[in-house]
K.L.:
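Dumping the structure here so I can ask a few things about it.
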Amino acid sequence: MEPQKGTRLFLSIGNLKGVGQKRFALYQKLGISSPYELLYYLPRSYRDFRNPTPVAQTEPDETAVVRVTICTKHRPVRVRGGMQIFRLEAVDEEDTPLDIRIFNNLYSYQALQVGCTYTMSGRIGGTLLQREIIAPQVLKEGEPAIQAVYPQIAGLTSAMLRTNIRASLAILAEEPFETLDPAILDAYQLMPLPEALYCVHLPENMEEAQRARHRLAFEEMLRLQLGLRLLKKRSARKSMYPMNKTTDLRPFHDSLPFAMTEAQLRSTEEICRDLCGAQPMNRLLQGDVGSGKTAVAAAACYFTVKNGYQCALMAPTEILATQHFRTLEGFLAPLGISVCLLTGSMKVKEKRQCHEAIADGTAQVIVGTHAIMQKAVSYHALGLVITDEQHRFGVAQRTALAEKGGVPHKLVMSATPIPRTLALMVYGDLDVSVLDVLPKGRMPVQTYAVTGKLRARAVHFLIQELEKGRQAYIVCPAIEEGESDLRAVTEYAEEMKKGLLSGWRVGVLHGQMAAQEKDEAMAAFHAHETDVLICTTVVEVGVDVPNATVMLIEDAERFGLSQLHQLRGRVGRGQHQSHCILVTEHATEESRQRLRLLSSTTDGFKVAEADLQLRGPGDFFGRMQHGLPPLKLAELTNAEMLHEVQEAAEAILYADPDLTAPEHHALYMDIVRLFARNGENGLN
């Protein structure tokens with residue numbers, strides 16, 4: 001069963017009853033333009049009203065389902081700011097009392113009647129002797145006992161979503177279709193698509209919901225795997241820059257002031273083998289913070305230059321490009337290799353000289369920002385392209401640089417660890433090298449999670465480090481007043497200068513500063529002209545400052561684990577013991593669990609695995625993997641499913657290499673839609 005052209009599922013979502021201009025705009029913001037896409041706006045969790053918890057057994061700060069009878073309704077209380085608080089008293093079957101608090105919602109208050117019994121869900125507060133439930137959701141008569149909970153944006157309520165999703169399911173029931181072969185459904189015991197979409201939104205029990213999510217997760221990974229394999233197949237061509245496998249790397253290794261780790265040697269060997277292959281290299285070099293990726297990149301540059309070709313390394317910021325330039329120049333200049341830096345802020349004369357050196361081949365290794373891929377830059381013989389923190393560029397920019405030299409070899413580096421099985425899945429168009437061993441002598445960063453009450457003590461500890469001659473970072477999420485309820489960096493810096501950090505030299509770094517201002521702020525910190533750098537996550541990828549030994553992160557619960565791990569990696573770069581302090585004001589049980597885990601390990605791969613499981617891949621990939629299709633389901637750590645998906649993909653492509661057979665039309669169209677937002681990744 002394929003979707004017929006013009007089916008209502010694929011028409012504008014504006015055709016659904018109740019979707020006016022305002023709601024239509026909200027759906028557009030979510031990337032939802034049709035009823036079919038709305039059906040894939042999947043619940044983030046489920047609220048199960050079937051098994052209420054006795055009030056005495058509920059836990060503070062946890063969400064619980066209770067069944068209580070209303071005893072008393074108190075008069076509304078109006079507090080400062082115009083807010084109304086409605087309070088009711090209730091008891092459960094065991095006569096345990098429970099206060100109900102509702103804020104600014106007269107309708108919900110009036111709907112609860114004295115003497116009536118209700119099942120409700122909400123966050124538990126109060127004390128051990130007097131529990132309260134805050135702003136509960138009440139199960140209405142006739143509603144299903146298991147309710148989907150959706151990610152929301154302001155203006156789009158769960159009730160609106162449920163209404164529109166039910167309407168979309170009704171269309172699917174009238175116009176059913178299937179995207180997978182019956183043989184695939186049978187082989188892997190998958191639900192038919194119409195049943196899966198119905199059960200994921202309106203399950204009768206949690207087992208049904210899990211089976212539905214399994215089917216949709218399987219298909220999502222299958223689409224990704226097939227799409228990446230099609231991309232890899234289309235990009236496969238004969239190498240224009242084959243290199244000589246007998247090229248001697250010993251002079252490079254002999255010149256290093258340290259011995260490479262086993263992981264570095266293995267990765268270097270894999271890269272050099274690819275450089276000598278019949279097809280252009282397309283490899284990911286993945287390593288935790290401080291694992292020595294730049295030394296491996298330098299070895300690849302040496303190998304390439306000795307074969308008569310140029311290398312280009314692109315970094316996302318001028319700060320990082322300058323650092324890479326200095327590091328690579330330190331490795332390669334003593335070996336007679338010319339390294340040049342090209343950034344957007346350079347003077348016209350400097351740029352022109354750099355362009356000339358690149359064009360005539362005098363510049364053998366070129367390091368820079370996106371400036372190195374502009375039209376004015378013409379390469380003499382670009383054999384290897386390296387991009388650092390490639391998720392910050394997106395595939396489009398990588399591709400633009402790669403096309404500068406015809407079809408050069410490509411190496412992408414990332415300090416964002418991804419579990420290996422997942423990396424093989426997500427980077428289906430890349431081969432993967434992993435640096436999973438840290439260089440000798442690295443001391444693990446000690447990590448502590450504290451509440452806002454201990455902030456002053458944490459800052460006092462930071463000052464003790466400053467008194468030893470060390471430096472510190474303080475990270476805040478917001479940068480200007482009104483952007484959010486979190487501290488603005490500039491305000492926070494002023495407050496700290498006048499208060500706890502009075503007498504110390506404080507610098508500020510945030511994303512809205514001009515590139516030159518950022519460089520100056522970072523250079524001043526690097527030169528120890530400032531003691532404390534108060535900044536946003538712009539410092540996540542930055543210059544190494546070995547003397548910085550404290551990283552204090554405000555509102556740590558607002559960051560993903562992997563991002564916190566990246567920030568933590570800014571310290572611990574020198575010989576002194578370093579510390580990371582995670583400060584949180586509004587810690588839920590989930591955020592406490594995440595921060596405890598980060599405090600217990602410095603292994604980036606374990607952190608990434610936990611981040612994926614706790615937050616799901618929507619956030620994990622949304623922030624990190626620009627240029628890859630957005631993923632929605634949290635089955636990506638399921639190794640068995642990954643294996644089955646790869647097996648299914650191979651069987652499908654063996655029978656139909658380009659997915660042109662009629663039975664694969666619906667699947668192919670879904671793959672096209674999945675990759676459609678990625679520009680150069682499009683499969684049209």
Side-chain angles (χ1 to χ4, degrees), residues 8-9 13 15-20 23 26-27 35 38-55 58 63-73 86 88-93 98 100-124 133-152 155-176 191 194-213 216:
R8 288 179 294 154
L9 273 178
I13 198 165
N15 293 327
L16 284 183
K17 186 178 178 182
V19 179
R23 200 180 300 181
L26 290 169
Y27 279 133
L38 179 60
L39 290 177
Y40 282 89
Y41 191 68
L42 303 178
R44 62 178 169 84
S45 62
Y46 297 90
R47 197 170 278 123
D48 190 346
F49 288 91
R50 293 174 303 170
N51 300 304
T53 302
V55 171
T58 59
T63 297
V65 173
V66 295
R67 185 165 177 79
V68 294
T69 302
I70 307 299
C71 303
T72 310
K73 295 178 74 168
F86 303 96
L88 305 90
E89 293 179 33
V91 294
D92 66 4
E93 290 179 349
L98 179 73
I100 301 169
R101 291 187 185 273
I102 300 171
F103 304 100
N104 277 351
N105 194 333
L106 180 62
Y107 172 79
S108 294
Y109 171 73
Q110 290 175 337
L112 297 173
Q113 300 298 317
V114 173
C116 293
T117 300
Y118 301 93
T119 304
M120 57 182 67
S121 171
R123 188 169 65 84
I124 300 298
I133 191 166
I134 300 158
Q137 180 185 343
V138 179
L139 180 66
K140 297 182 177 66
E141 196 173 333
E143 284 188 332
I146 297 177
Q147 292 196 358
V149 179
Y150 295 95
Q152 288 182 33
L156 198 57
T157 65
S158 287
M160 292 175 185
L161 283 164
R162 287 194 194 99
T163 300
N164 296 147
I165 285 169
R166 281 178 183 270
S168 302
L169 287 169
I171 297 172
L172 180 63
E174 293 170 15
E175 303 172 2
M191 269 186 175
E195 185 185 351
L197 287 170
Y198 185 88
C199 292
V200 81
H201 293 291
L202 298 168
E204 296 223 344
N205 53 60
M206 292 311 296
E207 293 74 23
E208 196 173 76
Q210 282 305 110
R211 282 187 61 224
R213 293 180 78 85
L216 297 171

K.L.:
When you measure from the side chain of Y46 to the backbone N and O of N205, does any donor-acceptor pair fall under 3.5 Å?
P.N.:
no

K.L.:
Just jot down the ring-ring contact (aromatic ring centres under 6.0 Å, His included) partners of Y150, sequence neighbours excluded, or say none.
P.N.:
H201

K.L.:
Can you find a heavy atom in the side chain of Y27 that is under 4.5 Å from one in the side chain of L161?
P.N.:
yes

K.L.:
Shortest non-hydrogen contact from L139 to P144?
P.N.:
CD1-O, 3.4 Å

K.L.:
With C116, which residues qualify under side-chain contact (heavy atoms from CB on, under 4.5 Å), at least two apart?
P.N.:
Q113, Y118

K.L.:
Report the residues that fulfil ring-ring contact (aromatic ring centres under 6.0 Å, His included) with Y109, sequence neighbours left out, ordered by chain and then residue number.
P.N.:
F86

K.L.:
Mind checking whether I102 and L112 have side chains closer than 4.5 Å, heavy atoms only?
P.N.:
yes

K.L.:
For the residue pair L38 and L16, establish whether any side-chain heavy-atom pair is separated by less than 4.5 Å.
P.N.:
yes

K.L.:
Can you list every pair that meets salt bridge (charged side-chain N to carboxylate O under 4.0 Å, His left out) and has a residue in residues 134-152, with sequence neighbours left out?
P.N.:
none

K.L.:
As an exercise, state the distance from CD of Q210 to CZ of R213, rounded to the nearest 0.5 Å.
P.N.:
7.0 Å

K.L.:
Taking side chain as C-beta onward, heavy atoms only, is R67 less than 4.5 Å from D92?
P.N.:
no

K.L.:
Rounded to the nearest 0.5 Å, how far does CD of E174 lie from CZ of R8?
P.N.:
4.5 Å

K.L.:
Mind checking whether I133 and L98 have side chains closer than 4.5 Å, heavy atoms only?
P.N.:
yes

K.L.:
Side-chain contact, heavy-atom cut-off 4.5 Å: P194 with L169?
P.N.:
no

K.L.:
What's the shortest heavy-atom distance between V200 and L42, and which atoms?
P.N.:
CG1-CD2, 3.9 Å

K.L.:
Roughly how far, to the nearest 0.5 Å, is the CD atom of E89 from the NZ atom of K73?
P.N.:
13.0 Å

K.L.:
For T117, enumerate each residue passing the side chain to side chain donor-acceptor pair (under 3.5 Å) test, keeping only those at least two apart in sequence or located in another chain.
P.N.:
T69

K.L.:
Check side-chain contact (heavy atoms from CB on, under 4.5 Å) between M191 and all other residues, then give those that pass, not counting sequence neighbours.
P.N.:
E195, A196, C199, E208, R211, A212, R215

K.L.:
Does G122 offer a backbone N or O that forms a donor-acceptor pair with the side chain of R47 under 3.5 Å?
P.N.:
no

K.L.:
Should M120 and I100 be marked as a side-chain contact (heavy atoms from CB on, under 4.5 Å) after you check the CA-CA gap, both sets of side-chain angles, and the distance that decides it?
P.N.:
CA-CA 10 Å; M120 57 182 67; I100 301 169; 3.9 Å; yes

K.L.:
Which residue pairs satisfy the salt bridge (charged side-chain N to carboxylate O under 4.0 Å, His left out) criterion with at least one member in residues 101-117, sequence neighbours excluded?
P.N.:
R101-E132

K.L.:
In chain order, what residues pass the side-chain contact (heavy atoms from CB on, under 4.5 Å) check against S45, with sequence neighbours excluded?
P.N.:
V149

K.L.:
To the nearest 0.5 Å, what is the distance between CG on N164 and OH on Y41?
P.N.:
12.0 Å

K.L.:
Just jot down the side chain to side chain donor-acceptor pair (under 3.5 Å) partners of N105, sequence neighbours excluded, or say none.
P.N.:
S108

K.L.:
Could I get the full list of salt bridge (charged side-chain N to carboxylate O under 4.0 Å, His left out) partners for R50, not counting sequence neighbours?
P.N.:
D48

K.L.:
Identify the residue among T72, I70, V68 that makes a side-chain contact (heavy atoms from CB on, under 4.5 Å) with L88.
P.N.:
I70

K.L.:
Who pairs with R123 by salt bridge (charged side-chain N to carboxylate O under 4.0 Å, His left out), at least two apart in sequence or on another chain?
P.N.:
D61

K.L.:
Check whether any side-chain heavy atom of R23 lies under 4.5 Å from a side-chain heavy atom of I13, and answer yes or no.
P.N.:
no

K.L.:
Identify the heavy atoms of V114 and C71 that sit nearest to each other, and give their distance.
P.N.:
CG1-O, 3.4 Å

K.L.:
Using the side-chain contact (heavy atoms from CB on, under 4.5 Å) criterion, which residues pair with A64? Sequence neighbours excluded.
P.N.:
T58, I124

K.L.:
Tell me the closest heavy-atom pair linking L9 and S168, and the distance in Å.
P.N.:
CD2-O, 3.8 Å

K.L.:
Could you tell me whether the side chain of I165 reaches within less than 4.5 Å of the side chain of L202, counting heavy atoms only?
P.N.:
no

